[in-house]
Amino acid sequence: MPVGSYADMRANFLIDSQLWDSDVVRWTLPVGDDPLAELTFDYANALAAIRRGDLAGAREAASRTESDRQRALAWSKEQKDKDPQEAEHLLILTEQLHALLTAADGKSRDAVTELQRSAAKEHAMPLEFGPPSVYKPTDELLGEVLLQQNRPAEAREAEAALARAPGRRLSVAGLAGVGIHNSVKVEVGSEVHNH
């Protein structure tokens with residue numbers, strides 16, 4: 001359990017801070033056999049590599065994430081884990097990475113389609129109490145990809161991420177940055193800016 005919490009905190013820190021080349025990226029997972037923690041670590045490493053433009057490193061980490069997912073499913077079955085949503089959560093994480101790598105390969109329309117499919121799966125899952133199993137809402141990723149493609153009108157539809165994960169700084173800032181959400185307050189340092 002502690003190694004899982006460590007992996008979760010690291011993933012959330014990297015995603016929320018966007019410090020993709022920080023010392024935290026180079027941290028390692030303590031030796032053990034926790035495939036869920038390993039998946040979380042490899043997912044965060046793949047996301048960081050994608051954001052840095054290290055596509056070879058991203059593909060390697062994404063491949064490990066898929067292997068971790070298979071091991072985690074088998075491990076959960078052995079442990080008789082009763083979380084019926086776990087398999088879907090883990091699949092969404094690997095699908096997100098695949099879609100981002102597809103976008104990096106210049107296949108942006110395919111990436112958008114993949115992210116829309118994953119977002120629909122995420123919407124179909126019941127909301128849970130506590131930290132989310134999907135570290136970065138798929139709608140938020142979809143919005144980012146659409147904004148990179150200069151498609152702000154379509155990114156507006158991805159605002160659903162704010163409904164499932166209200167107040168996420170990255171969603172609010174991304175939408176406010178293109179004038180999509182007019183009554184949003186965005187914190188920058190200690191100042192609050194209205195958009």
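One is the number of the first residue; the rest follow in order along the sequence.
For R151, the side chain to side chain donor-acceptor pair (under 3.5 Å) partners are Q149, E154, not counting sequence neighbours. Partners of S118 by side chain to side chain donor-acceptor pair (under 3.5 Å), not counting sequence neighbours, listed by chain and number: E95. Under the side chain to side chain donor-acceptor pair (under 3.5 Å) criterion, D42 pairs with R64, not counting sequence neighbours.
Legend: ring pair (Phe, Tyr, Trp, His ring centres under 6.0 Å) pairs involving residues 21-41, not counting sequence neighbours, sorted by first then second residue: Y6-F41.
In this structure, L36 is not a member of the same hydrophobic cluster as L91, with clusters built from ILVMFWY side-chain heavy atoms closer than 4.5 Å.
The pair E66-R69 counts as a salt bridge, with a side-chain nitrogen and a carboxylate oxygen less than 4.0 angstrom apart. Using a cutoff of 4.0 Å between basic side-chain nitrogens and carboxylate oxygens, D21 and R26 are scored as salt-bridged.
If you check the side chains of T94 and Y43, you find no donor sitting under 3.5 Å from an acceptor.
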Just distance, no hydrogens or angles: give the donor-acceptor pairs under 3.5 Å from side chains in residues 47-55, sequence neighbours left out.
residue, atom, partner, partner atom, Å
R51, NH2, E144, OE1, 2.7
R52, NH1, W20, O, 3.0
D54, OD1, G57, N, 2.9

Under 3.5 Å donor-acceptor pairs involving side-chain atoms of residues 104-112, not counting sequence neighbours:
residue, atom, partner, partner atom, Å
D105, OD1, R59, NH2, 2.4
D105, OD2, R59, NH2, 3.2

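To the nearest 0.5 angstrom, M9 atom CE is 12.5 Å from L14 atom CG. Within the model, atoms CD of E88 and CG of L93 stand 11.0 Å from one another, a figure rounded to the nearest 0.5 Å. The distance from the CD atom of Q70 to the CH2 atom of W75 is 16.0 Å, given to the nearest 0.5 Å.
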*Evaluate the criterion side-chain contact (heavy atoms from CB on, under 4.5 Å) for residue pair T65 and Q96; output intermediate values, then yes/no.*
CA-CA 11 Å; T65 304; Q96 286 180 346; over 6 Å; no

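Contact of the L147 side chain with the P152 side chain is registered, since non-hydrogen atoms from C-beta on lie closer than 4.5 Å.
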